[in-house]
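Naming convention: chains lettered A, B, ... in sequence-line order (proteins, then strands); numbering from 1 in each chain.
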Amino acid sequence: MKNAPAVIYKKLLTAFGPQGWWPLYSVAKGRCVYPPLVYLPPDENGRFEICTGALLTQNTAWTNVEKALARLKAENMLSARRLAAAPEGEIAGLIRSSGYFMQKARKLKIFSRHLLQRHPEGIEKWFSGPLESVRAELLSVWGIGPETADSMLLYAGGRPTFVVDAYTRRLLSRLGFAEARAYDEARNLYMRLLPADYKIYNEYHALIVELGKRHCAKTPRCANCPLSAACPKEKI
DNA sequence: ACCCAGGTGTTTC
DNA sequence: GAAACACATGGG
């Protein structure tokens with residue numbers, strides 16, 4: 001198959017429709033339309049909320065993260081200044097539903113402090129620098145790994161960087177790209193074979209997650225697998 | 001009572 | 001470096 005990642009993208013989009021992840025919104029949710037999404041740039045508060053969500057969703061279901069974000073918002077704590085100043089124990093109590101609350105409270109505080117001290121001009125300015133440089137700086141912050149860094153850059157910054165998760169790697173392996181095992185290998189592969197378009201990267205990652213949730217996690221031998229050519233005999 | 005979810009850091013071979 | 005482990009809640 002030529003450029004399998006691009007072919008799979010179209011198949012997934014046709015099968016599942018636009019997912020409408022932050023900050024993209026479906027023009028017609030549930031339908032396959034092209035271009036599938038419109039982009040509504042977040043304001044600075046929105047950017048911070050997305051970065052917070054990226055940290056809280058580490059190995060955690062998004063529904064649990066939504067509760068934590070709502071709680072932070074209700075207590076007027078969803079800002080870099082408030083989180084940087086608050087005791088970790090207090091933050092932990094608010095984000096309890098997202099799991100790993102002690103670790104994540106610390107991560108939120110460290111990220112907030114880094115933002116205020118090193119980039120007081122804000123996330124938009126910070127994330128608008130050279131992509132790989134900003135990414136490397138994010139990776140140097142405790143609690144931010146490659147997936148979180150790419151999620152922040154893509155979803156909060158609108159930068160074209162591909163987010164790789166566990167499903168993505170299993171999918172690549174299924175497609176025969178055995179060499180792309182490490183995170184950066186997989187990321188480079190997708191970015192080489194797809195246009196550098198944040199809308200595509202955004203939607204693609206969301207579609208892969210949906211594939212994992214809907215199909216692979218629970219139905220290893222689903223007859224309606226959207227990837228018929230590569231339909232898994234086991235979990236992809 | 002399991003298993004999984006939009007991972008990361010630390011420890012250990 | 002690559003495994004193994006800790007971190008923890010909520011839904012199926």
Exercise. Any Lys/Arg nitrogen of A/Lys109 or A/Glu88 sitting under 4.0 Å from an Asp/Glu carboxylate oxygen of the other?
Worked result: no
For this session: Find the distance A/Glu185:CD to C/dG1:C1' and express it as a whole number of Å.
Result: 14 Å
Problem set entry | Interatomic distance at P, B/dG6 relative to C/dA3, whole Å | 25 Å
Problem set entry | Integer angstrom distance from the P of C/dG10 to that of B/dT8 | 22 Å
Exercise. Given atom CG of A/Leu56 and atom P of B/dA5, what is their separation to the nearest angstrom?
Worked result: 18 Å
Exercise. NZ of A/Lys107 versus C1' of B/dG9: gap in Å, rounded?
Worked result: 7 Å
Exercise. So what does A/Glu147 hit on the nucleic acid, given a heavy-atom distance under 4.0 Å: a base, only sugar-phosphate, or nothing?
Worked result: sugar-phosphate
Problem set entry | Interatomic distance where CD belongs to A/Gln103 and P belongs to B/dT8 [whole Å] | 11 Å
Exercise. Under a 4.0 Å heavy-atom cut-off, which of residues 58-78 of chain A touch DNA chain C?
Worked result: A/Asn59, A/Asn64, A/Lys67
Problem set entry | Interatomic distance where CZ belongs to A/Phe111 and P belongs to B/dG7 [whole Å] | 18 Å
Exercise. Got a salt bridge between A/Arg82 and A/Glu75, using NZ or NE/NH1/NH2 to carboxylate O under 4.0 Å?
Worked result: no
Problem set entry | Check ion pair A/Arg81-A/Glu44 (N to O, under 4.0 angstrom) | no
Exercise. Are A/Tyr201 and A/Asp150 linked by a side-chain donor-acceptor pair shorter than 3.5 Å?
Worked result: no
Exercise. So A/Tyr155 and A/His205, would you call those rings parallel, tilted or perpendicular, with 30° and 60° as cut-offs?
Worked result: tilted
Problem set entry | Nearest-angstrom distance from the residue atom CG of A/Leu138 to C1' of B/dG9 | 17 Å
For this session: Name every residue in residues 92-102 of chain A that has at least one heavy atom under 4.0 Å from any atom of DNA chain C, in order of residue number, or write none if there are no such residues.
Result: A/Arg96, A/Ser97, A/Gly99, A/Tyr100, A/Phe101, A/Met102
Problem set entry | Distance in angstrom units between A/Leu139 CG and B/dT8 P, rounded | 9 Å
